[in-house]
Protein chains: 2
Amino acid sequence: MTMTDSSNDHAGLRQAEAESFEGSIRSAGLKVTAPRLAVLRALTDMPHSNADALFGAVRAGLPGTSLQAVYGVLGSFTTAGLVRRIEPAGSPALFERRVGDNHHHIVCTRCNVVHDVDCAVGHAPCLTPSDALGFDVRAAEVIYWGLCAQCQLDTASQLDTASQLDTATP
Amino acid sequence: MTMTDSSNDHAGLRQAEAESFEGSIRSAGLKVTAPRLAVLRALTDMPHSNADALFGAVRAGLPGTSLQAVYGVLGSFTTAGLVRRIEPAGSPALFERRVGDNHHHIVCTRCNVVHDVDCAVGHAPCLTPSDALGFDVRAAEVIYWGLCAQCQLDTASQLDTASQLDTATP
DNA sequence: GAATTGTCTTGAATTACTCAAAACAAATGC
DNA sequence: GCATTTGTTTTGAGTAATTCAAGACAATTC
């Protein structure tokens with residue numbers, strides 16, 4: 001299947017996007033390859049994804065790609081500072097394109113959705129521990145844990161149903 | 001081999017300690033078993049240890065114990081709120097007895113040593129993100145990354161040696 | 001002291017990830 | 001353009017940390 005250039009309204013945008021991906025990869029000192037472009041596009045569409053989810057997205061547009069290639073791409077991107085890797089407890093590593101701004105994350109304990117949150121207090125928030133114990137502190141990583149809005153609703157309605165059942169079965 | 005009670009100065013202390021371990025386990029609603037006592041003792045001696053390190057320590061005093069038993073003990077202790085599990089990025093899960101005080105951790109990026117640090121700012125420090133995005137925030141986990149005092153010295157002297165080599169080989 | 005309940009041992013399986021060698025493709029120099 | 005160099009991907013295997021399951025066993029309860 002071939003695609004005529006500028007065949008629809010999105011073509012221009014898509015091409016501009018592709019060029020920006022290419023530029024990012026190239027200026028990170030890495031060779032521009034199809035798997036790399038595909039991973040970068042997938043990561044733009046679905047931030048906070050793990051290697052396996054990205055592999056799925058990449059494979060959709062580039063069938064021959066291996067999972068190891070995705071790991072390789074993510075590794076080189078992370079080393080190059082093109083993507084950031086986070087590892088919330090109990091989760092495989094997640095990746096995002098938002099780098100260099102020291103933002104943090106909030107994770108739902110029920111559905112595992114992840115969102116970005118900006119620095120907690122003032123500018124460089126938790127970067128100063130009460131006592132650094134002689135450490136030369138380079139980074140502070142904050143993860144908030146809680147229930148997302150949807151899961152609050154879901155659990156509330158579950159409790160509701162449960163209490164109704166209690167009443168219904170004396 | 002048998003051990004006479006109160007045969008040395010440490011015996012009284014050791015017994016008191018054993019009783020406190022027993023009490024902790026019992027009041028957490030768990031059965032008191034030899035592997036559990038051994039894990040709790042090991043964890044007291046070496047906080048921020050992983051399952052494998054604890055297994056090693058436990059096995060020293062209680063040879064028949066299996067690694068799976070250690071995982072089981074740690075799992076039930078964690079569920080019961082008797083120990084806290086932390087998972088710094090790139091590390092297997094670490095365990096500690098200090099629970100319920102919402103303290104944080106500082107990890108050396110070179111030697112992986114972990115220390116406790118108290119809350120960063122004020123009382124409930126980073127517990128309030130700038131924008132919780134509708135989440136019901138229950139916990140904030142902060143990990144500081146940096147070089148410990150010893151590793152600062154080590155890397156400094158290495159740089160020193162390297163520059164000396166540079167000068168020595170023109 | 002027997003019954004009940006929960007825990008431990010043994011053995012296997014799973015998940016997430018890494019390593020290595022050969023095939024291949026992108027950038028570089030001619 | 002085409003060959004070379006360098007870096008990347010594929011294929012296949014391997015590892016670390018952890019979990020699952022069945023039966024044996026031990027701690028509490030009655």
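Just the heavy atoms: all of them, side chains too, but no hydrogens, waters or symmetry mates, feed the values below. Every chain is numbered from 1 and lettered A, B, ... according to where its sequence line falls, protein lines coming before strand lines. What you see is a predicted model; the values in this text were computed from it and never measured.
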Inset, instruction - Please report the closest heavy-atom contact between A/Leu54 and A/Ala42, naming both atoms and the distance. - result: CD2-CB, 3.8 Å
Inset, instruction - Compute the ring centroids of B/His48 and B/His115, then answer whether they are less than 6.0 Å apart. - result: no
Inset, instruction - Give the intermediate values and the outcome of side chain to side chain contact (heavy atoms under 4.5 Å, CB included) for residues B/Val58 and B/Arg41. - result: CA-CA 9 Å; B/Val58 165; B/Arg41 161 159 302 168; over 6 Å; no
Inset, instruction - Could you tell me which non-hydrogen atom of B/Leu82 sits nearest to which non-hydrogen atom of B/Ser24, and how far apart they are? - result: CD1-O, 3.7 Å
Inset, instruction - Please step through salt bridge (charged side-chain N to carboxylate O under 4.0 Å, His left out) for the pair A/Asp52 and A/Arg59, ending with a clear verdict. - result: CA-CA 10 Å; A/Asp52 206 58; A/Arg59 210 174 21 175; over 6 Å; no
Inset, instruction - Round to the nearest Å and state the distance from A/Phe55 atom CZ to D/dT10 atom C1'. - result: 11 Å
Legend entry - Side-chain heavy-atom pair B/Arg36, B/Lys31 within 4.5 angstrom cut-off: yes
Inset, instruction - Grab the two heavy atoms, one from A/Phe55 and one from A/Thr65, that are nearest each other, plus how far apart they are. - result: CE1-O, 3.2 Å
Legend entry - Outermost DNA chain C nucleotides near chain A [under 4.0 Å, heavy atoms]: C/dA16 to C/dA27
Inset, instruction - Give the C-alpha distance, both sets of side-chain angles, the deciding distance and a yes or no for side chain to side chain donor-acceptor pair (under 3.5 Å) between A/His104 and B/Glu141. - result: CA-CA 11 Å; A/His104 302 309; B/Glu141 215 180 335; over 6 Å; no
Legend entry - Residue mapping more 5' on DNA chain D - nearest nucleotide basis, B/Leu94 or A/Pro35: A/Pro35
Legend entry - side chain to side chain contact (heavy atoms under 4.5 Å, CB included) between A/Cys108 and A/Leu147, worked out: CA-CA 5 Å; A/Cys108 180; A/Leu147 275 184; 4.2 Å; yes
Legend entry - Separation of atom CD1 in A/Ile25 from atom C1' in D/dT8, rounded to whole Å: 12 Å
Legend entry - DNA chain C contacts made by residues 67-89 of chain B, counting heavy atoms under 4.0 Å: B/Gln68, B/Ala69, B/Val73
Inset, instruction - Run the numbers on B/Arg97 and B/Asp116 for salt bridge (charged side-chain N to carboxylate O under 4.0 Å, His left out), then give the verdict. - result: CA-CA 12 Å; B/Arg97 287 196 67 190; B/Asp116 292 331; over 6 Å; no
Legend entry - Whole-Å distance separating the CG atom of B/Asn50 from the P atom of D/dT18: 7 Å
Which protein N or O atoms sit under 3.5 Å from an N or O of nucleotides 25-28 of chain D?
from   : atom 1 : to      : atom 2 : distance (Å)
D/dA27 : N3     : B/Lys31 : NZ     : 3.4
D/dT28 : OP1    : B/Arg26 : NH1    : 2.9
D/dT28 : OP1    : B/Val32 : N      : 3.0

